[in-house]
Peer 1: 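The structure's right below; bear with me while I get my questions together.
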Amino acid sequence: MPSTTTRDRIQQNEPAARDLVDKIKNVNLTSSYYLLLLTGPWVNGKRSYLESIAAARGESVTEIDMHDVVTLHEEETYKKIDELFDSLGDDERILYFKNGDRLCGTYTGYTYSSTRYATPQERYLIKKILKLQKIVIIDIVDEDNVDKTLERHSQAIVRFDHSGSLFRRFLGGLSVHGHNITSKRPG
């Protein structure tokens with residue numbers, strides 16, 4: 001089973017990670033959205049986690065590549081986001097935005113602020129997500145790209161850290177709404 005990690009670490013097949021899939025399985029989408037952020041470099045782990053969510057809900061995942069949506073021009077990106085959301089049907093209940101780092105822009109560091117702020121395109125996308133009744137999963141490889149705006153609107157953040165070290169593969173973590181969930185590995 002792949003590992004999920006954020007600030008604290010737990011193994012994905014431990015109860016906290018399974019409980020998150022069960023929670024997503026039982027999310028009532030008639031009045032709200034559910035935003036899940038997947039961070040980290042381990043693509044196969046994310047794919048496996050997506051498959052477990054889709055299987056638990058009995059629904060397919062609609063994959064959207066942010067390279068096709070986000071451009072250098074804000075107005076063009078807004079238009080593409082509008083077109084994307086207008087084209088979504090009722091049967092598309094799980095949306096997976098891959099290459100979400102593209103949405104977050106580039107942080108140059110030439111500022112007095114150490115806080116990373118949301119790009120206008122990111123704020124526009126979040127505004128659209130807030131009106132949805134769907135599960136939205138955004139894949140962001142670099143965890144540093146997750147700014148406070150994305151973090152605040154997400155219900156959970158799961159980090160997939162694939163390390164060459166066997167020891168590190170047995171470690172993992174989960175953060176739900178800014179609270180770290182930890183558990184001890186069974187002996």
Side-chain angles (χ1 to χ4, degrees), residues 2-7 20 24 29 32-54 59-89 92-111 113-163 173-178:
S3 64
T4 58
T5 64
T6 52
R7 294 163 197 96
L20 182 59
I24 294 170
L29 297 173
S32 187
Y33 69 97
Y34 188 92
L35 178 58
L36 172 65
L37 303 179
L38 303 182
T39 66
W42 193 17
V43 175
N44 291 336
K46 292 175 187 177
R47 184 67 55 194
S48 174
Y49 205 70
L50 272 176
E51 290 170 1
S52 64
I53 291 171
E59 298 173 330
S60 63
V61 175
T62 302
E63 192 170 297
I64 302 156
D65 190 343
M66 293 308 291
H67 284 292
D68 298 334
V69 177
V70 178
T71 68
L72 294 175
H73 307 286
E74 287 180 34
E75 293 302 321
E76 186 179 342
T77 301
Y78 299 155
K79 181 180 175 186
K80 287 185 175 194
I81 290 172
D82 286 337
E83 290 171 356
L84 169 68
F85 279 79
D86 289 343
S87 71
L88 294 174
E92 296 167 307
R93 307 284 285 169
I94 303 174
L95 305 178
Y96 172 62
F97 289 89
K98 70 179 187 176
N99 299 314
D101 290 272
R102 177 120 170 123
L103 180 68
C104 301
T106 303
Y107 182 68
T108 61
Y110 299 117
T111 178
S113 174
S114 61
T115 304
R116 186 181 182 103
Y117 295 99
T119 63
Q121 297 92 331
E122 181 183 333
R123 287 193 306 270
Y124 191 76
L125 179 69
I126 289 172
K127 188 169 130 181
K128 296 295 238 177
I129 290 171
L130 294 175
K131 297 176 185 175
L132 288 178
Q133 295 176 346
K134 299 181 185 297
I135 294 171
V136 179
I137 302 167
I138 301 177
D139 182 359
I140 300 175
V141 174
D142 186 357
E143 187 177 10
D144 291 337
N145 283 337
V146 177
D147 56 55
K148 295 295 180 190
T149 305
L150 269 176
E151 194 173 305
R152 184 173 51 251
H153 288 93
S154 67
Q155 282 75 15
I157 302 170
V158 181
R159 181 176 163 107
F160 290 83
D161 188 21
H162 185 241
S163 170
L174 176 69
S175 174
V176 177
H177 249 320

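Atoms considered below: every heavy atom in the structure, side chains included; atoms not considered: hydrogens, waters and symmetry mates.
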Peer 1: Can you check side chain to side chain contact (heavy atoms under 4.5 Å, CB included) on Leu36 and Val158, steps first, answer last?
Peer 2: CA-CA 8 Å; Leu36 172 65; Val158 181; 3.9 Å; yes
Peer 1: Using ring-ring contact (aromatic ring centres under 6.0 Å, His included) as the criterion, list what pairs up with Phe85, not counting sequence neighbours.
Peer 2: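 For Phe85, no residue satisfies ring-ring contact (aromatic ring centres under 6.0 Å, His included) once neighbours in sequence are set aside.
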Peer 1: Are any of the side-chain heavy atoms of Leu95 and Tyr33 separated by less than 4.5 Å?
Peer 2: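 A side-chain contact is absent here, since even the closest heavy-atom pair is not under 4.5 Å.
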Peer 1: Roughly how far, to the nearest 0.5 Å, is OG1 of Thr39 from CD1 of Ile157?
Peer 2: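 OG1 of Thr39 is found 7.0 Å from CD1 of Ile157.
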Peer 1: Taking atom CD1 of Ile126 and atom CD1 of Ile138, what is their separation to the nearest 0.5 Å?
Peer 2: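 These two atoms lie 6.5 Å from each other.
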Peer 1: Would you check if the side chain of Thr77 reaches a backbone N or O of Thr71 as a donor-acceptor pair within less than 3.5 Å?
Peer 2: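 Answer holds: yes.
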Peer 1: Can you tell whether the side chains of Arg47 and Glu63 come within less than 4.0 Å, N to carboxylate O?
Peer 2: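 Judged by the 4.0 Å cut-off on N to carboxylate O distance, Arg47 and Glu63 do form a salt bridge.
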Peer 1: Just jot down the side-chain hydrogen bond (donor to acceptor under 3.5 Å, both in side chains) partners of Asp139, sequence neighbours excluded, or say none.
Peer 2: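 Asp139 satisfies side-chain hydrogen bond (donor to acceptor under 3.5 Å, both in side chains) with Lys46, Tyr96 once adjacent residues are dropped.
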Peer 1: Under the side-chain hydrogen bond (donor to acceptor under 3.5 Å, both in side chains) rule, collect the residues that match up with Ser60, sequence neighbours excluded.
Peer 2: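 Scan of Ser60 (side-chain hydrogen bond (donor to acceptor under 3.5 Å, both in side chains), adjacent residues dropped) gives none.
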Peer 1: Under the criterion side chain to side chain contact (heavy atoms under 4.5 Å, CB included), I'd like the reasoning laid out for Ile137 against Ile53: C-alpha separation, chi angles, the key distance, then a yes or no.
Peer 2: CA-CA 10 Å; Ile137 302 167; Ile53 291 171; 4.3 Å; yes
Peer 1: Output all residues satisfying salt bridge (Lys or Arg N to Asp or Glu O under 4.0 Å) with Glu92, sequence neighbours left out; order by chain, then residue number.
Peer 2: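 Testing Glu92 for salt bridge (Lys or Arg N to Asp or Glu O under 4.0 Å), a comparison that skips the adjacent residues, returns none.
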Peer 1: Quick check: does any side chain N or O of Arg152 sit under 3.5 Å from a backbone N or O of Asp147, one acting as donor and the other as acceptor?
Peer 2: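 It does not hold such a pair.
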Peer 1: For Asp68, which residues count as a side-chain contact (heavy atoms from CB on, under 4.5 Å) partner, sequence neighbours excluded?
Peer 2: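 With sequence neighbours excluded, Asp68 shows a side-chain contact (heavy atoms from CB on, under 4.5 Å) to Asp65, given in chain and number order.
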Peer 1: I'd like to check the salt bridge (Lys or Arg N to Asp or Glu O under 4.0 Å) partners of Lys128; sequence neighbours left out, ordered by chain and number.
Peer 2: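 With sequence neighbours excluded, Lys128 shows a salt bridge (Lys or Arg N to Asp or Glu O under 4.0 Å) to Asp82, given in chain and number order.
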Peer 1: Side chain to side chain contact (heavy atoms under 4.5 Å, CB included) with Ile140: which of Leu103, Asn99, Leu150?
Peer 2: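 Only one of Leu103, Asn99, Leu150 forms a side chain to side chain contact (heavy atoms under 4.5 Å, CB included) with Ile140, namely Leu150.
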Peer 1: Calculate, to the nearest 0.5 Å, the distance between atoms CD1 and CD belonging to Ile24 and Gln155 respectively.
Peer 2: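 Going from the CD1 atom of Ile24 to the CD atom of Gln155 covers 9.0 Å.
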Peer 1: Sequence neighbours excluded, which residues qualify as side-chain hydrogen bond (donor to acceptor under 3.5 Å, both in side chains) partners of Glu51?
Peer 2: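 Partners of Glu51 by the side-chain hydrogen bond (donor to acceptor under 3.5 Å, both in side chains) criterion come out as none, since no residue qualifies.
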Peer 1: Identify, with sequence neighbours excluded, every residue that meets side-chain hydrogen bond (donor to acceptor under 3.5 Å, both in side chains) alongside Lys80.
Peer 2: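 Expected list: none.
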Peer 1: When rounded to the nearest 0.5 angstrom, what is the spacing between CD1 in Ile94 and NZ in Lys134?
Peer 2: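 If we round to the nearest 0.5 Å, Ile94:CD1 and Lys134:NZ are 10.5 Å apart.
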Peer 1: To the nearest 0.5 Å, what is the distance between CD on Glu75 and CD on Gln121?
Peer 2: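 Those atoms lie 9.5 Å apart.
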Peer 1: Give a yes or no on whether the backbone of Asp142 and the side-chain of Asp101 come within a donor-acceptor separation of less than 3.5 Å.
Peer 2: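 Yes; at least one donor-acceptor contact below 3.5 Å.
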Peer 1: Just to verify, what does Tyr124 make a ring-ring contact (aromatic ring centres under 6.0 Å, His included) with, not counting sequence neighbours?
Peer 2: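 Applying ring-ring contact (aromatic ring centres under 6.0 Å, His included) to Tyr124 gives Tyr78.
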Peer 1: For the NE2 atom of His153 and the CG atom of Leu125, what is their distance to the nearest 0.5 Å?
Peer 2: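 These two atoms lie 11.5 Å from each other.
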Peer 1: Any idea which heavy atoms bring Arg102 and Met66 closest together, and the distance?
Peer 2: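 Heavy atoms only, the tightest pair is CG-O, 4.0 Å.
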Peer 1: For the backbone of Gly45 and the side chain of Ser48, can you confirm whether one donor and one acceptor N or O come within less than 3.5 Å of each other?
Peer 2: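 Looks like no, no N/O pair under 3.5 Å.
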